[in-house]
There are 2 protein chains.
Amino acid sequence: MKLTSKGRYAVMALVDLARFDNINPVSLRDISLRQGISLDYLEQIFSRLRKREIVQSVRGTQGGYVLNKKAKEIKLSNIFDAVDEKVKTVKCKKESKKGCNGKTTKCLTHNLWDELDSHINNFFEQKSLEDLVKDNAERRI
Amino acid sequence: MKLTSKGRYAVMALVDLARFDNINPVSLRDISLRQGISLDYLEQIFSRLRKREIVQSVRGTQGGYVLNKKAKEIKLSNIFDAVDEKVKTVKCKKESKKGCNGKTTKCLTHNLWDELDSHINNFFEQKSLEDLVKDNAERRI
DNA sequence: TGATACTTGACTATTTTAGTCAGGTTTATA
DNA sequence: TATAAACCTGACTAAAATAGTCAAGTATCA
């Protein structure tokens, strides 16, 4: 089990954005350079973030992206959700006709995965972008 | 992010084993039939579980597998560990010369993934095989 | 009007996953 | 002691997911 780099990059880029998001929009080019993420890949990621209204785009020269909400209101769960980082640990269909193993009953571990999902999602719902920015500011001292 | 079926099958098979593990060893063939998991795949999985001393094998006719410890003492973390289900969510190298992003510093989100790892591992260390067996026994009433 | 930056969609090499397959070895029991 | 059940091992592979790249735009500011 691992997170994909898409989700990881999304969070990295947004933390970067949140730190520089005072007056001017931040260009993906800058983020790309600072974080070492391919510009093209960032564009894919930000396209999704924009659709989910986590960021806003500003076109033209000096354009870039701006947070669409306060950092405090952006939870990690929103971010992962936007970039399709599914925190569904296992393929047991929720209430399909067939059980998880092709039989008519739930598999022996069905409840377990449900619990695990809640556990992880809970973590992501607690953490906001602001928490991460602060964490970095502190470490910087 | 998702768990692989190898880890899921390992847990399913062990819960099954734990339930029938009274007197006789349980054959993989039986588990395969009951749980709908390919026999060959089960053999791969149990080979690893045996190396980690989670189960013991009994060879010959009427052979099979037996738990090597009490169900209470087998934590899910042991199981995932054995079948190589890495709960390392992200590829930031721990203390390599290079940082996570090819730079000399830790990436902005490094601490986050460490925390997440702990959070998930904590879940797996809490849960024992016995808990799962009990959970199923209760649901059966 | 040019440079900068966003926008979109298609494409692809690589890696991982989820097994299968083949060819063993060991041992209880008839 | 023969045989079949069951374990054991390693190599192989199709399919899916991942991590991007590439190409061809469009919008807007200076």
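Numbered from 1 within each chain, the chains take letters A, B, ... in sequence-line order. All of these numbers come straight from a predicted model, not from anything done at the bench.
At whole-Å resolution of the value, CG in A/Leu33 and P in C/dT4 are 14 Å apart. Distance CG (A/Leu39) to P (D/dA23): 15 Å, rounded to an integer number of Å. Whole-Å rounding puts the B/Asn24 CG to C/dA28 P distance at 14 Å. To the nearest angstrom, P of C/dT26 lies 22 Å from CZ of B/Phe46. Rounded to an integer number of Å, the gap from NZ of B/Lys51 to P of D/dC7 is 15 Å. One interatomic measurement links the two molecules: CD1 of A/Ile45 to C1' of D/dG20, which rounds to 10 Å at whole-angstrom precision. Atom P of nucleotide D/dA5 and atom CG of B/Asp30 are separated by 13 Å, given to the nearest angstrom. Note: CG (B/Asp40) to C1' (D/dT13) measures 14 Å, nearest angstrom.
A salt bridge links A/Glu115 with B/Lys127: at least one charged nitrogen is closer than 4.0 Å to a carboxylate oxygen.
Heavy atoms of other residues, nucleotides or ligands lying less than 6.0 angstrom from CD of A/Glu53 number 12 at most.
Where B/Gly60 and A/Gly60 meet DNA chain D, the nucleotide closest to each residue was compared, and B/Gly60 sits on the side nearer the 5' end. Of the two residues near DNA chain C, A/Gln44 and B/Tyr41, the one whose nearest nucleotide lies more 5' is A/Gln44.
Across B/Gln62 and B/Pro25, no two heavy atoms sit closer than the pair O-CG, 3.5 Å. Heavy-atom minimum distance, B/Val66 versus B/Leu17: C-CD2, 4.4 Å.
In this structure, B/Arg8 is not positioned above the aromatic face of B/Phe80 in the sense of NZ or CZ being under 6.0 Å from the six-membered ring centre and within 45° of the axis.
For A/Tyr9 and D/dA19, the shortest distance from a side-chain N or O to OP1 or OP2 is not below 4.0 Å. In terms of phosphate contacts, A/Arg50 brings a side-chain nitrogen or oxygen within less than 4.0 Å of OP1 or OP2 of C/dT8. One finds no side-chain N or O of B/Thr4 lying less than 4.0 angstrom from the OP1 or OP2 phosphate oxygen of C/dT16. Residue A/Ser5 has a polar side-chain atom (N or O) positioned under 4.0 Å from OP1 or OP2 of D/dG20. Between C/dA18 and B/Ser38, no contact under 4.0 Å exists linking OP1 or OP2 to a side-chain N or O. Using a 4.0 Å cut-off, no side-chain N or O of A/Ser27 falls inside it from OP1 or OP2 of C/dC6. For C/dT29, neither phosphate oxygen OP1 nor OP2 lies less than 4.0 angstrom from any side-chain nitrogen or oxygen of B/Thr61.
Taking the side chain of B/Leu28 as heavy atoms from C-beta on, and the options D/dC7, C/dA22, C/dT29, the nearest nucleotide is D/dC7.
Side chain A/Arg59 to base C/dT7: no donor-acceptor pair is found below 3.5 Å. Side-chain N/O atoms of A/Glu43 and base N/O atoms of C/dC6 include no donor-acceptor pair closer than 3.5 Å.
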